[in-house]
Protein chains: 2
Amino acid sequence: MASMTAANWKTGQTIRLGEAAYGELRDRLTRGGYRPGDKMTVRSLADALGVSSTPARDAINRLTAEGALVYAGPKTVIVPFLGEDDLREVTLIRLALEGLAAEQAAAHCQDHHIEKLLEIQIDINKSLETKAYSEALWHNKEFHFLVYRLSGMPHLIALIEAQWLRVGPSFYGLYPEFAEARHGVRNHQMAIEALQDRDAKALRAAFENDIRDGYRRLRASLRQDSGG
Amino acid sequence: MASMTAANWKTGQTIRLGEAAYGELRDRLTRGGYRPGDKMTVRSLADALGVSSTPARDAINRLTAEGALVYAGPKTVIVPFLGEDDLREVTLIRLALEGLAAEQAAAHCQDHHIEKLLEIQIDINKSLETKAYSEALWHNKEFHFLVYRLSGMPHLIALIEAQWLRVGPSFYGLYPEFAEARHGVRNHQMAIEALQDRDAKALRAAFENDIRDGYRRLRASLRQDSGG
DNA sequence: CTTTGTATTTTGTTGCAACAAAAATGGCGC
DNA sequence: GCGCCATTTTTGTTGCAACAAAATACAAAG
């Protein structure tokens, strides 16, 4: 009994309101519940989540530490606008981290993982056909993180998730255009083929391509916004 | 006046106790004030820093989110032991992030930066000669982050600092052996030469070498501990 | 209409106490 | 000596109120 205590204490359901609030806010950010510039106040979040100010404040503090929220003033936390410089930096970081994750994933890939990826890709295509962009975005994330998890590097995955959370709110609004272009389909196909060959370098290249494609499109839309 | 508000509000001295507590605890961690396994309790930290429990809790929460502290049980936060797997993961992450930072740094390097690096290297050598290992460690960090800051990527630097904070406590205790071997001196020399040539790839290689050297030594000492 | 100065409202931070839960302690049986 | 269980102590979490400070709304002047 004493031996399982140290290993399994996380198993019990999360009774910590702070962590629950963090997870919920994180989810809403991921799902496009907020737009860049939206103010995050302790009291409004506490009301929205039905908790008191302490857990709400914990959630905001943590997301701020991770870069998913930023200070716009001494007493003002907002969902960040991603400028061109920010986008460049986060992209370079993503290339480094997700490239590493992909490279490490190849060694731990099994056939059933590839089958699962094929299923997810079918889901993505279906979602695109029915113009269910929010779903497509979700499946796209599933695709990426299924591979990244194969790396067996939990801390690395947490870092990658933090980067996605940074670009998410800015990315989400203009997904329709992205989806129409279907730029991700070819890259995902390349990734699956690389995985079948257990070719770590090719897998990395496929994901880097995907990241770079997304970067170019996001940057273009950023310039469009500032230009007109 | 309105234009400077958004840009300069950070200039005012930090009146937030939570951030001050975070900085202080961070500093103590960096300077070897705690060893792996040490318990971090809200009340003891609050006493140690002369603040109430809220800012102390904030500091612990943030360091925990960054991985510098870990949960060892539902109500127990400790300074983490770095196992061999953890060390491998953090090293791969460091290679990715610090490699990127070094590569980006080359483009922004000016002559006076190289001069400063030469000065720091002299400080390192002096500290090693006088067996002031704690000082040597500090100057070593100065050396690395002076280069990393040249990348102009503040978020990347924050990520790198978080990784250093993870390995710090485990690294600190066995520095004397490291210093005696002087393994870093050659790598730093390579880095300076690469910087003089503005050779980004060579600069990256020099820092990767430095990280890998440290990894091998730390891993060896880890195996020694578990073996005997 | 824009701008400037003022008043009002909102907000984050901090300290603190209560509570439940986990950890440390000590004693008991073997 | 060693493991196990009950008791005591310690601990994190949570909610809340007070306060200072910043943001906002508003009014007046140019």
Side-chain angles (χ1 to χ4, degrees), chain A residues 1-25 34 37-66 68-81, chain B residues 1-25 34 37-66 68-81:
Chain A
M1 190 59 112
S3 64
M4 78 171 280
T5 304
N8 293 42
W9 66 269
K10 267 192 175 178
T11 307
Q13 54 263 29
T14 302
I15 36 175
R16 290 170 57 196
L17 291 182
E19 198 167 345
Y22 165 76
E24 177 62 27
L25 181 52
Y34 298 92
D38 282 359
K39 263 194 330 186
M40 292 295 320
T41 68
V42 172
R43 286 167 178 85
S44 68
L45 181 64
D47 281 350
L49 302 186
V51 296
S52 85
S53 65
T54 307
R57 183 171 174 272
D58 284 351
I60 292 176
N61 276 345
R62 180 159 172 191
L63 266 322
T64 302
E66 291 175 2
L69 301 173
V70 299
Y71 279 92
K75 285 185 146 177
T76 318
V77 172
I78 65 170
V79 179
F81 291 94
Chain B
M1 189 58 113
S3 63
M4 78 169 281
T5 305
N8 292 43
W9 65 269
K10 267 192 173 178
T11 306
Q13 54 263 29
T14 301
I15 37 176
R16 290 170 55 198
L17 290 182
E19 198 166 344
Y22 164 77
E24 177 60 29
L25 180 52
Y34 297 94
D38 282 359
K39 265 194 330 186
M40 292 295 321
T41 68
V42 171
R43 286 168 176 83
S44 68
L45 181 64
D47 280 351
L49 302 186
V51 296
S52 85
S53 64
T54 306
R57 185 170 174 271
D58 285 351
I60 292 176
N61 276 345
R62 181 160 175 191
L63 266 323
T64 303
E66 291 176 3
L69 301 173
V70 299
Y71 279 93
K75 285 183 146 178
T76 319
V77 172
I78 64 170
V79 179
F81 291 95

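The model shown is predicted, which means the values in this text are computed figures rather than measured ones. Here is the naming used below: chain letters follow the sequence lines, and residue numbers restart at 1 for every chain.
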Is the phosphate of dA24(C) approached by Lys39(B) (side-chain N or O, under 4.0 Å from OP1 or OP2)?
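Indeed, a polar side-chain atom of Lys39(B) lies that close.
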
Any side-chain N or O of Arg57(A) less than 4.0 Å from the OP1 or OP2 oxygen of dT13(C)?
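Looking at the OP1 and OP2 atoms of dT13(C), one of them is under 4.0 Å from a side-chain N or O of Arg57(A).
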
Can you measure [X] atom [atom1] to [N] atom [atom2] for me and round it to whole angstrom units?
{"X": "Leu63(A)", "N": "dG12(C)", "atom1": "CG", "atom2": "P", "answer": "14 Å"}
{"X": "Arg16(A)", "N": "dT11(D)", "atom1": "CZ", "atom2": "P", "answer": "17 Å"}
{"X": "Leu45(B)", "N": "dT13(D)", "atom1": "CG", "atom2": "P", "answer": "13 Å"}
{"X": "Asn61(B)", "N": "dT11(D)", "atom1": "CG", "atom2": "P", "answer": "16 Å"}
{"X": "Tyr22(A)", "N": "dT14(D)", "atom1": "OH", "atom2": "P", "answer": "16 Å"}
{"X": "Met40(A)", "N": "dA22(D)", "atom1": "CE", "atom2": "C1'", "answer": "18 Å"}
{"X": "Ile60(B)", "N": "dT11(D)", "atom1": "CD1", "atom2": "P", "answer": "11 Å"}
{"X": "Asp58(B)", "N": "dT13(D)", "atom1": "CG", "atom2": "P", "answer": "11 Å"}

Please assess Val77(A) against Val70(A) for the test side-chain contact (heavy atoms from CB on, under 4.5 Å), listing each intermediate value before the final yes or no.
CA-CA 6 Å; Val77(A) 172; Val70(A) 299; over 6 Å; no

Report yes if some heavy atom in the side chain of Leu69(A) is under 4.5 Å from a heavy atom in the side chain of Ile78(A); otherwise report no.
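Heavy-atom side-chain distance check fails, nothing below 4.5 Å.
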
Could you run down nucleotides 15-20 of chain D 5' to 3' and tag each one B, S or - for protein heavy-atom contact under 4.0 Å?
BB-B-B

Please step through side-chain contact (heavy atoms from CB on, under 4.5 Å) for the pair Arg62(A) and Leu25(A), ending with a clear verdict.
CA-CA 11 Å; Arg62(A) 180 159 172 191; Leu25(A) 181 52; over 6 Å; no

What closest approach, in Å, do Gly18(A) and Ala59(A) show between heavy atoms, and which atom pair accounts for it?
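Taking every non-hydrogen atom into account, O-CB, 4.5 Å.
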
Ignoring hydrogens, what is the shortest heavy-atom contact between Val51(A) and Ala56(A)? Give both atom names and the distance.
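For Val51(A) and Ala56(A), the tightest heavy-atom pair comes out as CG2-N, 4.3 Å.
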
Would Tyr71(A) and Thr64(A) satisfy side-chain contact (heavy atoms from CB on, under 4.5 Å), going step by step from the backbone distance to the final call?
CA-CA 8 Å; Tyr71(A) 279 92; Thr64(A) 302; 3.6 Å; yes

